[in-house]
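As structure tokens, the structure follows; a few thoughts come after it.
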Amino acid sequence: MSYFDKFDQKKQHIGVFDGAWQASGKIVPVVSPIDGEAVAEVVTASSEDCHRVIASAHQAFLKWREVPAPERAEVVRQIGVELRAAKENIAALVTLEMGKTIGESRGEVQEMIDVCDFATGLGRQIGGLTLPSERRAHRLIEQWHPLGPAAVVTAFNFPVAVWSWNTALALVCGDPVIWKPSSNAPLSAIACTAIAAEVLTRSGYPSAVTSLVVGSGRDIGDTLISDPRVPLVSYTGSVPTGRHVGKIVQERFGRPLLELGGNNAVIVTPNADLVMAVQAVFFGAVGTSGQRCTTTRRLIVHQSVKDEILARLKTAYGQVSIGDPRDEAMLMGPLVDRKAVSNMQEALTTIQDQGGRILFGGEILDKQGGCYVTPCVVEATPNMRIVAEETFAPILYVIEYQGDVDTAIAINNDVPQGLSSAVFSNDIMEIERFLGATGSDCGLANVNTGTSGAEIGGAFGGEKETGGGRESGSDAWKAYMRRQTSVINASGNITLAQGIRFDVDA
Ligand code: NAD
């Protein structure tokens, strides 16, 4: 019987791992948004469990930091191999727990595999610079050392990918990880931790390098982020909680890496390919039931093409199949829970109170007892207060602009968040305006492709209230290491920088 056969049959799981599976906190049910049924229960972490896990991770760090980086990378490579083998099983768990379609869940696991491959290569690249010294026979170098245990607090909507973005990099950099997953998705976290721990154990390393604490954000999350033995807190979630996390971590001079909410816009200019634009907006707004941080929430469309865009959007939205996300034919599954459904309904009321007009969608669907809704398109103006907020639901605001692309860019930038953005245009001048210093103020700015579905090779993250953190590709690894600048003097004399003389006979 395979690991997952046994896993699927178990009705109670332990939600704490620090080299051993042991938990003494509350027992909580795991409810699937597919049909509202409890699929299992999890023993969560008590406060004592959390302290014990932090201590174990610290002990693991003392050993892990001495393992050469290419050897650490080999462990990450093997974790990637195991994730490949378990792709279908993990995807099925993600879909069961949080309701994204099975195709999107497979894509999420593929991201995990890809980032392991990427991080494996990093094992031989995380070096520093050698810089010219102003002093004769001196060498000025930069080194990157392991930092310490990293808390990785994750959101429900990418329940496993975000852990892997952090963990693959952190492990190569020499940092153990303590994962606090979303309470909506503890089972996939337990399975991924077991996979990583098995690789560490069989390779002869402490398995507390990949630890886990399932528990409530307010209790366990706070304990974890407040502890000075955890120098890095990588937090993914909403802006209000991120603000709280940032303050606590900064207060103790820890390092917060914040990946918070977005309010992403697509600009469609008169020079756009409208078919491509609609296809991208459709995936961006409806994919993952509008529950991606990079979901397209605002469509800023030039007056001259608005009617055609709306007509094409209506045709596209008419084709969306909504239902059991395990059914390959579905494009949209449920929202994550009942609260998400009521939040969406409240937002739709507020939208209308503020002068917005629902063009289509926004109904609750009575299906299998699950949390199903129809995606919604709303005509809005940029000055409606709710347009500046992230409503984590499939609601797309259509906002008309007149004039040149700078007007549309100003609307794009006029929200507190700064994660993802896109322009659809075949005019090089408009594209350059959008990508230039006075263009989009977001961490991600795309041309003729949508706001969502980032590749792992680039650094991922956003500006302003999105938090400023960067994860995954490019040089995001630097956040997981401590930088040290060193001077080596081989001159045989003490020479001071800036030509200062301070001679003494000694
Ligand atoms: P959330 O803020 O409700 O929860 C996120 C995580 O924080 C959970 O694990 C939760 O238990 C934990 N938490 C809650 N209170 C805490 C506390 N006091 N201390 C420590 N941890 C605490 O978010 P969610 O509803 O799970 O996810 C949706 C949000 O996440 C959206 O705003 C979305 O945009 C954002 N998100 C951002 C990115 C990104 O990369 N920028 C990626 C995914 C999701």
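Counting starts at 1 for both ligands and their atoms, following the listed order.
Every atom of ligand 1 is numbered from 1 in the order shown, and the set under 4.0 Å from a heavy atom of Thr236 is 5 (C), 6 (C), 36 (N), 37 (C), 38 (C), 42 (C), 43 (C), 44 (C). The atoms of ligand 1 that sit less than 4.0 Å from any heavy atom of Asn157 are 43 (C), 44 (C). Within ligand 1, counting atoms from 1 as listed, the ones closer than 4.0 Å to a heavy atom of Pro181 are 9 (O).
Residue contacts with ligand 1 for Val153 involve side-chain atoms from C-beta outward but no N, CA, C or O (heavy atoms, distance under 4.0 Å). Contacts between Leu260 and ligand 1, counted as non-hydrogen atom pairs separated by less than 4.0 Å, involve the backbone only. Proximity of Pro240 to ligand 1, defined as any heavy-atom pair under 4.0 Å, is not found for any part of the residue. With a 4.0 Å cut-off on non-hydrogen atoms, His244 touches ligand 1 through its side chain and not its backbone. Here Phe392 has side-chain heavy atoms under 4.0 Å from ligand 1, and that is the only part of it that gets that close.
Thr241 CG2, 3.3 Å is the protein heavy atom nearest to atom 15 (N) of ligand 1. Ranking protein heavy atoms by distance to atom 11 (O) of ligand 1, first place goes to Lys180 NZ, 2.7 Å. Nearest non-hydrogen protein atom to atom 34 (O) of ligand 1 is Glu390 OE2, 2.6 Å. Of the protein's heavy atoms, Asp222 OD1, 3.2 Å lies nearest to atom 18 (N) of ligand 1. Nearest non-hydrogen protein atom to atom 3 (O) of ligand 1 is Ser238 OG, 4.3 Å. Counting only heavy atoms of the protein, atom 35 (C) of ligand 1 lies nearest to Gly237 O, 3.3 Å. In this structure, atom 13 (N) of ligand 1 lies nearest to the protein heavy atom Gly217 CA, 3.4 Å. From the protein, the heavy atom lying nearest to atom 8 (C) of ligand 1 is Thr154 O, 3.3 Å.
Atom 36 (N) of ligand 1 has its nearest heavy-atom neighbour, among Gly461, Cys293, Ser182, Ala340, in Cys293. The closest non-hydrogen atom to atom 5 (C) of ligand 1, taken over Phe156, Phe460, Tyr235, comes from Tyr235.
In this structure, Tyr317 and Phe282 have perpendicular ring planes: the angle between them is above 60°, well past the 30° mark. In this structure, Phe460 and Trp165 have tilted ring planes: the angle between them lies in the 30° to 60° band.
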Open item on the list: Evaluate Ser24 against Ser46 for side chain to side chain donor-acceptor pair (under 3.5 Å), listing each step before the verdict.
Closed with: CA-CA 6 Å; Ser24 60; Ser46 63; 2.9 Å; yes

TODO: Assess whether salt bridge (Lys or Arg N to Asp or Glu O under 4.0 Å) is satisfied between Asp324 and Arg326, documenting all intermediate values.
DONE: CA-CA 5 Å; Asp324 191 324; Arg326 294 168 294 195; 2.9 Å; yes

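Taking the charged nitrogens against the carboxylate oxygens, Asp117 and Arg84 do have a contact shorter than 4.0 Å, which makes a salt bridge. Taking the charged nitrogens against the carboxylate oxygens, Arg292 and Glu104 do have a contact shorter than 4.0 Å, which makes a salt bridge. Here Arg297 does not pair with Glu389 in a salt bridge; the nearest charged N to carboxylate O distance is not below 4.0 Å. Between Arg470 and Glu463 a salt bridge is recorded (basic side-chain N to carboxylate O distance below 4.0 Å). Salt bridge absent: Glu41 and Lys11 never bring a charged side-chain N and a carboxylate O closer than 4.0 Å.
Atom CD of residue Gln22 and atom CZ of residue Phe17 lie 11.0 Å apart, to the nearest 0.5 angstrom.
A donor-acceptor pair shorter than 3.5 Å cannot be found between the side chains of Tyr3 and Asn89.
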